[in-house]
Each structure stands twice: as C-alpha cells, then as structure tokens.
Colleague: 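Please see the structure below; I have some questions.
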Amino acid sequence: MTTTTTAAAVRGAPVVWFSVDGAPETEGSTRAFPTQTGGVRVTHTKRAALEGWRARVRAASLSAAVQARWPLGYDGPVEVRATFYLPRPKRSRSRLPATKPDLDKLARAVGDALTEVRRGGYVIQRGMLREDSRIVRWQLSKEYVDGQAVTSPGAAIAVLPITDPEESS
C-alpha cells in the first residue's frame, strides 16, 4: 500500500484522502485489573499493536491534513470513509472477509486516532478533529489484500466535512 494524499475543497474545508500501511488494529477489547489501592485499571489486550496502529493513522492523517490545508482540530460535522485491507487467511470460508476483526472496532480505532488528545483543557496531541463525536457518518468496508491493486494490509481513509444545507440559504 502506498501513502497518497488528495484534497478537494468543500465549502471552506478540504476533503482529505490518505492511506495507512500495516495491519489494521481494533479498539475496544479491554481487560480490567484490580490495583493495590482498591481501584481498577483498564487496559487494552493488544495495547502495543493498537498504539502503533493509532500512531500510523495519526501521522498519515496529520500529514495529509497539513498538505491539504485542513484546519487541525476541526470542530464541525464530518463523514469518514474507510476501507480496511486485511491479509487473506490460508483457509477462508468466503471470498469476502466475513470474519474478525470487527468492522466497528476497526472504525473506533481510526476515530480515536483522528481526534485531538486533551488534558486539563490543553491540547497535548494534535488531531484532524477536535472530538470523534464530530463524526456523524461512517462508510466502512473490509477487503482482502488482492496481491495486485493492493499488495499489503492497511487502510484507505477519507475525511469529508459535512455542510449544513441551510448555511447556503
């Protein structure tokens, strides 16, 4: 998979397309552990892999956003389109990837990677979006790597601003 960036203007904010290399990871599988102080610590079961995937998505999205002049920390409604390219298993019951990982968990990891990280009211890590709650539409799919057009696992992602039709009146 090759990283590409494309932009087209949509009422002031560009549409941004980018790709991310590497096996897509899921968000959502957690484990809880009791602490010595009586609290509970929650961690992801595949934390290192998830953090690596999020970092790759964040880096690709920020690079594409800067190149397209996307306003970082965008605070308006957006649509996110993502196609996840998965390695084909040695044995498959179907031509389609109707198997794990779950599409909704893949989307959650991307949504989190596109979002600014804030602590105490301060931005400590930039993101394309102020919050992932700004994502009002998802268009998602999973495909197997085909060895021709797509030669390695990864994702192709687009972020599109959604304008209110009443704004143009």
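Computed over heavy atoms, backbone and side chain alike; hydrogens, waters and symmetry mates excluded.
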Colleague: Excluding sequence neighbours, so at least two apart, what forms side-chain contact (heavy atoms from CB on, under 4.5 Å) with Pro24?
Modeller: Trp53, Phe84, Leu86, Leu106, Pro153
Colleague: Check whether Lys142 reaches the backbone of Pro101 with its side chain - one donor and one acceptor, N or O, closer than 3.5 Å.
Modeller: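 The answer is yes, because a donor-acceptor pair under 3.5 Å joins these two groups.
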Colleague: Which value, rounded to the nearest 0.5 Å, describes the distance between Arg58 atom CZ and Met128 atom CE?
Modeller: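 Rounded to the nearest 0.5 Å, the CZ-CE separation comes out at 11.5 Å.
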Colleague: Without placing hydrogens or testing angles, list every side-chain donor-acceptor pair under 3.5 Å for residues 109-116, not counting sequence neighbours.
Modeller:
from, atom 1, to, atom 2, distance (Å)
Thr115, OG1, Gly111, O, 2.7
Thr115, OG1, Asp132, N, 3.2
Glu116, OE1, Arg118, NE, 3.2
Glu116, OE1, Arg118, NH2, 3.0

Colleague: Drop me the distance from Leu160's CG to Arg137's CZ, to the nearest 0.5 angstrom.
Modeller: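 Nearest 0.5 Å value for the CG-CZ distance: 9.5 Å.
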Colleague: Taking the side chain as every heavy atom from C-beta outward, state whether Pro161 and Val15 have any pair of such atoms under 4.5 Å apart.
Modeller: yes
Colleague: Do you know which two heavy atoms are closest between Val16 and Ala65, and how far apart they sit?
Modeller: CG1-N, 4.1 Å
Colleague: Side-chain contact, heavy-atom cut-off 4.5 Å: Arg54 with Glu27?
Modeller: yes
Colleague: So do the side chains of Asp102 and Thr26 get within less than 4.5 Å of each other, counting heavy atoms only?
Modeller: no
Colleague: Can you tell if the side chain of Trp70 reaches within under 4.5 Å of the side chain of Leu129, non-hydrogen atoms only?
Modeller: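 When only atoms from C-beta onward are counted, Leu129 and Trp70 do touch, with a gap below 4.5 Å.
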Colleague: Can you sort out the partners of Arg88 under salt bridge (Lys or Arg N to Asp or Glu O under 4.0 Å), two or more places apart, ordered by chain and number?
Modeller: none
Colleague: Return the minimal non-hydrogen interatomic distance between Ala158 and Trp17, and the atom names on each side.
Modeller: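 Closest pair (atom of Ala158, atom of Trp17, distance): CB-CD1, 3.2 Å.
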Colleague: With side-chain contact (heavy atoms from CB on, under 4.5 Å) as the criterion, how do Gln67 and Phe18 come out once you've worked through the C-alpha distance, each side chain's angles and the decisive distance to 0.1 Å?
Modeller: CA-CA 11 Å; Gln67 187 175 352; Phe18 58 96; over 6 Å; no
Colleague: Mind checking whether Leu96 and Leu103 sit in one hydrophobic cluster, side chains of I, L, V, M, F, W, Y counted as touching below 4.5 Å?
Modeller: no
Colleague: Please enumerate all residues that pass side-chain contact (heavy atoms from CB on, under 4.5 Å) together with Glu131, with sequence neighbours excluded.
Modeller: Ser133, Arg134
Colleague: Could you tell me which non-hydrogen atom of Arg56 sits nearest to which non-hydrogen atom of Asp21, and how far apart they are?
Modeller: NE-O, 2.9 Å
Colleague: My understanding is that only residues two or more places apart in sequence, or in another chain, count here; which of them pass side-chain contact (heavy atoms from CB on, under 4.5 Å) with Ser141?
Modeller: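 Here the qualifying residues are Thr83, Glu143.
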Colleague: Partners of Pro77 by side-chain contact (heavy atoms from CB on, under 4.5 Å), sequence neighbours excluded?
Modeller: Val136, Ile162
Colleague: Kindly write out the residues that satisfy side chain to side chain donor-acceptor pair (under 3.5 Å) with Gln125, not counting sequence neighbours, or none if the list is empty.
Modeller: none
Colleague: Who else is in Val117's hydrophobic cluster (ILVMFWY, side-chain heavy atoms under 4.5 Å, direct or via others)?
Modeller: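 Traced through the cluster, Val117 reaches Ile124.
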Colleague: Can you list the other members of the hydrophobic cluster that holds Val123, where links are side-chain heavy atoms under 4.5 angstrom apart?
Modeller: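 Traced through the cluster, Val123 reaches no other member.
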